[in-house]
Trainee: 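Before we start, here is the structure in question, set down as structure tokens.
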Amino acid sequence: MRKLEQLSFDNSYARLPASFYRRLDPTPMPAPYLVSFNADAAALLDLDPAEATRAEFAEYFIGNRLLPGSEPLAMLYAGHQFGHYVPQLGDGRAILLGEIKNRAGERWDVQLKGAGPTPFSRNSDGRAVLRSSIREYLCSEAMHGLGIPSTRALCIVGSDEEVYRETIETAAVLTRLAPSHVRFGSFEVFYYNDRHESLPVLADYVIAGHFPHLADAPDKYVRFLNEVVARTAQLMARWQAVGFSHGVMNTDNMSILGLTFDYGPFGFMDAYDPAYVCNHSDHHGRYAYREQPKIGHWNLSCLAQALLPIMPVEAAQAALDAYIPTYKEYYKECMGRKLGLTQAGEEDIALVETLLQLMHASHLDYTRLFRALSRFQCAAGDKNAMLRDQFTDRDAFDAWADSYRARLQREPGNDAERAARMNRVNPKYILRNYLAQNAIARAAQERDFTEVERLQELLRHPFDEHPEMESYAAPPPDWARQIEVSCSS
Ligand code: AMP
Ligand code: MG
């Protein structure tokens with residue numbers, strides 16, 4: 001385990017052409033204090049968790065001191081935001097300190113989000129508020145706990161510096177870790193700015209670091225695109241399966257590695273509603289829950305367009321054409337597992353869809369209903385009253401239950417074995433907005449971070465029973481309906 005000053009930096013992005021980024025240091029902030037530290041993420045860097053107790057820790061991770069070996073920079077990128085191309089975005093408030101190569105040979109970008117203005121800030125302040133930093137911190141780790149690819153979060157350091165949003169809030173810096181922060185928009189910027197010679201440079205960089213098995217293939221760029229398509233399709237299926245909405249699926253927030261990336265106004269659905277829109281600013285529902293898989297495809301087509309100078313158009317089209325079947329396959333697999341099916345077939349999708357329709361009609365909580373479904377009893381004559389009574393249309397439930405029971409006859413094992421299998425994929429605990437909101441209120445108003453810690457600990461193991469935390473699995477309270485999350489962060 002290493003001390004802070006011994007972290008092993010190897011900054012490959014900083015060795016790319018200087019036009020790919022701007023070098024700059026974070027802007028200092030007064031009186032930093034540690035809000036939360038994540039030992040799981042520290043382990044990825046070989047960082048000794050005891051280092052978090054040093055006074056210097058907060059200084060390093062708010063950007064007041066530079067870690068030896070870091071070479072801070074803001075990455076250049078562009079992106080399609082809500083369907084419109086925005087030529088030059090770039091890290092407006094995030095600063096990449098560099099990459100740490102751990103003893104396992106993995107590379108982790110270490111990025112300070114909210115570290116001050118950069119040349120890409122476009123008149124904004126370069127800061128992030130404590131509220132949104134806590135949301136990203138908790139959700140990225142919650143996604144990891146759910147087994148869904150995501151960026152990670154090492155810590156949050158707060159400051160008293162005031163930040164102006166709808167109200168006055170205080171600033172914080174989130175330290176984000178990812179194998180790479182390259183986005184679809186990192187390619188788009190070169191395509192649209194007629195810097196096509198930079199496209200193979202960036203593609204080779206990503207391939208060498210993250211798809212090394214493709215490096216010697218003659219059609220490496222096409223195969224790279226194929227993999228991004230597959231990873232994105234898989235990610236969309238996994239989001240659907242846990243009822244997650246990202247909220248701002250702009251191409252600058254789409255990870256080239258298929259990670260859940262850049263947490264803003266995200267949300268987990270409470271009652272099942274395919275039209276669920278988590279972002280209060282998304283008036284047209286572009287990024288509604290049910291739209292996400294399509295948007296994944298749309299975003300990939302922006303990426304493919306940007307890669308056209310380095311691949312034949314037919315190959316790019318073929319890569320894109322694989323998206324829908326790949327997505328459908330993953331979706332079937334994910335949803336089949338939620339029903340306890342070891343091997344879901346085409347015909348099982350009807351079972352899923354009917355159940356979802358019934359849930360929608362009865363306004364049932366998505367997470368709680370799937371969790372409860374593990375208690376379904378196969379025995380003929382068992383009415384499964386505990387489930388049945390939740391549905392407004394009992395006859396429709398009975399009909400569904402008959403087909404489900406018939407389908408389960410073809411599955412191995414008994415009810416208990418199936419229940420155990422289902423409880424490993426249907427989480428009991430998710431980061432509902434109101435849970436995050438409670439943790440934020442305490443942190444912001446009382447500087448009490450115990451609720452952040454408690455949620456972080458709980459959501460590391462969302463599939464386990466935590467009897468002392470039962471209330472965290474309850475349906476949301478009425479006041480939760482008034483919570484509005486927007487792009488403001
Ligand atoms: P987001 O919607 O958080 O992904 O942000 C979109 C773009 O706006 C990115 O290029 C960010 O770097 C930039 N941005 C967001 N908030 C700020 C801020 N407070 N200061 C500077 N740039 C920002
Ligand atoms: Mg972003």
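This is a predicted model, so every value here is computed, not measured. We count ligands from 1, going down the list as the structure has it; atoms in each ligand are counted the same way.
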Trainee: Tell me whether the NZ or CZ atom of R286 lies within the 45° cone about the ring axis of F82 and under 6.0 Å from its centre.
Mentor: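 Ring-cation test returns no.
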
Trainee: Provide the protein N, O or S atoms situated under 2.8 Å from the Mg ion (ligand 2); waters are not included.
Mentor: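 Protein N/O/S atoms under 2.8 Å of the Mg ion (ligand 2): N253 OD1, D262 OD2.
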
Trainee: Got C302 and E188 here, is their nearest side-chain heavy-atom distance under 4.5 Å?
Mentor: yes

Trainee: Name all residues meeting the salt bridge (charged side-chain N to carboxylate O under 4.0 Å, His left out) criterion together with R176; count only those two or more places apart in sequence or in a different chain, and write none if there are none.
Mentor: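 Result, salt bridge (charged side-chain N to carboxylate O under 4.0 Å, His left out) vs R176: E136, D262.
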
Trainee: Is there side-chain contact between L257 and R231, with heavy atoms separated by less than 4.5 Å?
Mentor: yes

Trainee: Quick one: list whatever passes side-chain hydrogen bond (donor to acceptor under 3.5 Å, both in side chains) with Y263, sequence neighbours left out.
Mentor: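 Scan of Y263 (side-chain hydrogen bond (donor to acceptor under 3.5 Å, both in side chains), adjacent residues dropped) gives S150.
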
Trainee: Is the shortest side-chain N to carboxylate O distance from D91 to R183 below 4.0 Å?
Mentor: yes

Trainee: Can you check side-chain hydrogen bond (donor to acceptor under 3.5 Å, both in side chains) on Y287 and N250, steps first, answer last?
Mentor: CA-CA 9 Å; Y287 298 136; N250 295 332; 2.6 Å; yes

Trainee: Ligand 1: which residues have a non-hydrogen atom closer than 4.0 Å?
Mentor: Y77, Q81, L89, G90, D91, G92, R93, S121, R122, S124, D125, G126, R127, R165, D252, N253, D262

Trainee: For residues R107 and S12, report the shortest heavy-atom separation together with the two atoms involved.
Mentor: NH1-OG, 3.7 Å

Trainee: Would you say the side chains of N433 and R135 form a donor-acceptor pair under 3.5 Å?
Mentor: yes

